[in-house]
Amino acid sequence: MTREGYKIFSEAAIGTLTLPNRLVRSATWDPSLFTEHKMTDAVLQLYAELARGGVGLIITGGFPVIEGEMLNEETPSYERIEVQGLERLVAAVHRSGNGCKVVAQLETGALDAMPSTIPSPFGEEPPRALSLHEIRKIVDCFVAAIVRMHALGFDGVQLHAAHGGLLSRFLSPYTNRRTDAYGGSVGNRARIVREILSAAREKVGSFPILIKVNCTDYVEGGTDIETFPELAAEIAGLGVDALEISGGMWECMVRSEEELGFPPSPAPESHTHLQRPESQSYFLSWAERVHLDIPVILVGGNRDIERLEALVRRGTVDFVALCRPLICEPDLPERWRKGQDDPTPACISCNACIYHLIIHPGRETPDVVTCLFKKDPQAYSQAQAWLTSWVKENVTAD
């Protein structure tokens with residue numbers, strides 16, 4: 001049965017951007033792109049397949065705009081986003097013929113300082129707190145990156161303010177204990193995002209700027225279902241064009257499965273055991289609490305096309321995003337639209353792809369991320385054993 005008439009396959013807008021449908025490929029890390037610093041044929045093929053596969057929007061993995069050692073330089077360097085031939089990625093998506101658009105996700109990368117000095121559950125030394133001068137330099141780096149992506153022809157950018165990255169740590173009351181203008185109230189905690197947006201708008205005008213935020217940190221004292229609506233309203237009022245709802249930061253892995261409601265693994269935003277419909281779309285309860293004047297994108301365990309259509313049709317969310325299923329089946333959206341075969345995704349949410357990502361740094365030449373379950377059953381078994389033991393070996397409650 002064709003689903004051509006479904007609302008989820010209708011045109012929709014994010015700011016000045018018109019998309020052919022309401023399905024989004026959420027940001028998915030690609031180590032080959034960011035380790036080699038050059039565009040490869042394998043990456044181009046990956047993005048072309050995604051575009052032809054039927055999503056309306058692709059969000060890239062996060063481009064790190066600054067590194068820790070750069071904070072000590074007089075002039076910030078933007079070397080980390082200088083991927084040779086990056087404009088070829090934009091062209092590959094636009095040539096798909098399906099009207100698919102591509103947005104570049106931006107994040108800080110690894111820093112040696114954070115908003116506040118909060119101990120880590122991984123036995124590391126607590127980070128030092130950022131100075132006001134360093135915060136201003138970080139704002140400058142984000143603005144320069146937005147300008148660069150605009151010049152390269154990307155259809156927009158997304159600020160990564162989820163999952164315990166730097167911007168996420170400013171927004172969360174758990175990781176932001178500052179007593180200056182960047183801490184305390186929700187408005188102060190969002191100040192760095194406000195400054196990025198204000199400065200960027202002066203340079204790129206109505207160029208679409210999206211943001212990804214945590215609706216829950218899964219830690220006591222962090223963003224939760226009661227405080228998220230206020231945070232979402234504050235962020236929406238800053239001038240972003242769409243808000244993607246996600247959740248989790250690595251600090252939550254000191255908690256048990258009973259406390260969390262899902263098995264902890266080295267990607268708190270990527271839950272496993274999603275065979276039952278009630279375990280899917282696991283950030284839906286938070287999305288139902290917000291009512292914004294900008295589009296809302298829901299990510300996290302979206303697997304059932306009929307359920308997703310119902311969410312979009314009744315206006316609970318405006319867009320739905322997928323990550324792991326499109327690693328497994330980049331053509332899943334087109335198969336859904338045409339009503340071909342079984343609508344159940346082949347992805348079993350096993351997180352073996354995350355194992356695949358984390359072991360990449362030890363490889364001489366990283367390749368693009370693929371579905372390990374389909375590629376190598378033996379490696380899949382090894383990944384499952386590794387995922388099970390990882391938390392016990394790396395996380396301490398002290």
Open item on the list: For N176 versus G183, what's the shortest heavy-atom pair and its separation?
Closed with: OD1-CA, 3.6 Å
Open item on the list: Tell me every residue that passes salt bridge (Lys or Arg N to Asp or Glu O under 4.0 Å) with E11, counting only those two or more places apart in sequence or in another chain.
Closed with: none
TODO: Would you name the heavy atoms of H94 and G153 that are closest together and state the gap between them?
DONE: CE1-O, 3.9 Å
Task: Minimum heavy-atom distance V55-C100, with the two atoms named - done: O-SG, 3.5 Å
Task: G99 backbone acceptor or donor facing K101 side chain under 3.5 Å - done: yes
TODO: Run the numbers on R303 and S349 for side chain to side chain contact (heavy atoms under 4.5 Å, CB included), then give the verdict.
DONE: CA-CA 10 Å; R303 299 291 186 271; S349 307; 2.9 Å; yes
Task: By salt bridge (Lys or Arg N to Asp or Glu O under 4.0 Å) - contacts of R194 (at least two apart) - done: E234
Task: ILVMFWY cluster, I297 and I209 together (side-chain gap under 4.5 Å) - done: no
Task: Side chain proximity check, Q158 to L57, heavy atoms < 4.5 angstrom - done: no
Open item on the list: Quick check: do R88 and D41 have side-chain heavy atoms less than 4.5 Å from each other?
Closed with: yes
Open item on the list: Check whether S96 reaches the backbone of V93 with its side chain - one donor and one acceptor, N or O, closer than 3.5 Å.
Closed with: yes
- [ ] Kindly give the heavy-atom pair with the smallest separation between N302 and A321, and that separation in Å.
- [x] ND2-O, 2.9 Å
Task: Residues R324, N351; criterion side chain to side chain donor-acceptor pair (under 3.5 Å); working and verdict - done: CA-CA 8 Å; R324 291 171 291 172; N351 277 1; 2.7 Å; yes
TODO: Output the rest of the hydrophobic cluster of V299: all Ile, Leu, Val, Met, Phe, Trp and Tyr residues reachable through side-chain heavy-atom contacts under 4.5 Å, sorted by chain and number.
DONE: none
- [ ] Would you indicate whether the side-chain heavy atoms of R3 and P343 approach each other to under 4.5 Å?
- [x] yes
- [ ] With salt bridge (charged side-chain N to carboxylate O under 4.0 Å, His left out) as the test, would you mind laying out the steps for R52 and E334 before giving the verdict?
- [x] CA-CA 8 Å; R52 290 193 300 268; E334 185 67 3; over 6 Å; no
Task: Side-chain donor/acceptor of R177 to backbone N/O of S116, under 3.5 Å - done: no
Task: Donor-acceptor side-chain pairing of S172 and D217 below 3.5 angstrom - done: yes
- [ ] Kindly state each residue pair satisfying salt bridge (charged side-chain N to carboxylate O under 4.0 Å, His left out) with at least one member in residues 145-160, sequence neighbours excluded.
- [x] E82-R148
Open item on the list: Is it the case that the side chain of T60 and the backbone of Q105 share a donor-acceptor pair, with hydrogens and angles ignored and the cut-off at 3.5 Å?
Closed with: yes
Open item on the list: For D331, give me all partners under side chain to side chain donor-acceptor pair (under 3.5 Å), at least two apart in sequence or on another chain.
Closed with: none
Task: Trace of the side chain to side chain contact (heavy atoms under 4.5 Å, CB included) decision for N214 with L171 - done: CA-CA 9 Å; N214 272 6; L171 297 179; over 6 Å; no
Open item on the list: Please check if the number of heavy atoms outside E259 that lie under 6.0 Å from its CD is greater than 12.
Closed with: yes
TODO: Please check if atom CG in D342 has more than 12 non-hydrogen atoms from other residues, nucleotides or ligands closer than 6.0 Å.
DONE: yes
TODO: Give the minimum heavy-atom separation between G222 and P173, together with the two atoms involved.
DONE: C-CG, 3.9 Å
Open item on the list: Do L130 and L166 have side chains that approach each other closer than 4.5 Å (heavy atoms only, starting at C-beta)?
Closed with: yes
- [ ] Could you list the residues that satisfy ring pair (Phe, Tyr, Trp, His ring centres under 6.0 Å) with F207, not counting sequence neighbours?
- [x] H150
Task: Non-neighbouring partners of N188 that pass side chain to side chain donor-acceptor pair (under 3.5 Å), sequence neighbours left out - done: R191
Open item on the list: I'd like to check I211 versus L197 (side-chain heavy atoms, cut-off strictly below 4.5 Å). Are they in contact?
Closed with: no
TODO: Would you confirm whether N98, through its side chain, and A51, through its main-chain N or O, come within 3.5 Å as a donor-acceptor pair?
DONE: yes
Open item on the list: How close do G164 and S168 get, counting heavy atoms only, and between which atoms?
Closed with: N-OG, 3.2 Å
Open item on the list: Does Q84, at its CD atom, have more than 12 non-hydrogen atoms belonging to other residues, nucleotides or ligands within less than 6.0 Å?
Closed with: no
Open item on the list: Tell me whether K203 is salt-bridged to D140, with the criterion being a basic N under 4.0 Å from an acidic carboxylate O.
Closed with: no
Open item on the list: A side-chain contact here means heavy atoms from C-beta on lying under 4.5 Å apart; do P268 and M249 qualify?
Closed with: no
Open item on the list: With ring pair (Phe, Tyr, Trp, His ring centres under 6.0 Å) as the rule and sequence neighbours excluded, what pairs involving residues 155-186 come up?
Closed with: H160-H163
Open item on the list: Closer than 4.0 angstrom, basic N to acidic O: yes or no for E251 and R169?
Closed with: yes
Open item on the list: So, using side chain to side chain donor-acceptor pair (under 3.5 Å) as the criterion, who are the partners of E226 when residues are at least two apart?
Closed with: none
Task: Name of the residue among H271, M253, R255 meeting side-chain contact (heavy atoms from CB on, under 4.5 Å) with L260 - done: R255
Task: Neighbour count >12 (heavy atoms, 6.0 Å) for atom CD, E220 - done: no
Task: Contacts of type salt bridge (Lys or Arg N to Asp or Glu O under 4.0 Å), residue K7, not counting sequence neighbours - done: none
Task: Contacts of type side chain to side chain donor-acceptor pair (under 3.5 Å), residue T316, not counting sequence neighbours - done: R314
Task: E195 (side chain) donor-acceptor with V139 (main chain) under 3.5 angstrom - done: no
- [ ] Determine yes or no for a side-chain-to-main-chain donor-acceptor pair under 3.5 angstrom, with T28 supplying the side chain and S26 the backbone.
- [x] yes
Open item on the list: Taking side-chain contact (heavy atoms from CB on, under 4.5 Å) as the criterion, tell me which of N21, L298, L308, I14 meets it with F319.
Closed with: I14
Open item on the list: With salt bridge (charged side-chain N to carboxylate O under 4.0 Å, His left out) as the criterion, how do R201 and D241 come out once you've worked through the C-alpha distance, each side chain's angles and the decisive distance to 0.1 Å?
Closed with: CA-CA 12 Å; R201 289 297 182 203; D241 292 295; 2.9 Å; yes
Open item on the list: For E309, give me all partners under salt bridge (Lys or Arg N to Asp or Glu O under 4.0 Å), at least two apart in sequence or on another chain.
Closed with: R313
Open item on the list: Applying side chain to side chain contact (heavy atoms under 4.5 Å, CB included) to I305 and R337, what does each step give before you reach the verdict?
Closed with: CA-CA 9 Å; I305 182 58; R337 185 181 67 84; over 6 Å; no
TODO: Please answer: with hydrophobic residues joined when any side-chain heavy atoms are less than 4.5 Å apart, are I135 and I196 in the same cluster?
DONE: yes
Open item on the list: A side-chain contact here means heavy atoms from C-beta on lying under 4.5 Å apart; do L326 and P333 qualify?
Closed with: yes
- [ ] Indicate yes or no for a side-chain donor-acceptor contact from R25 to the backbone of I59 under 3.5 Å, with no hydrogens or angles considered.
- [x] yes
Task: Between Y218 and E269, a side-chain donor and acceptor under 3.5 Å - done: no
Task: Check against side chain to side chain contact (heavy atoms under 4.5 Å, CB included), L89 and F154 - done: CA-CA 9 Å; L89 184 152; F154 279 89; 4.1 Å; yes
Open item on the list: With a 4.5 Å cut-off on side-chain heavy atoms, are P115 and T175 touching?
Closed with: no
Task: Short side-chain to backbone donor-acceptor contact, T117 and P127, under 3.5 Å - done: yes
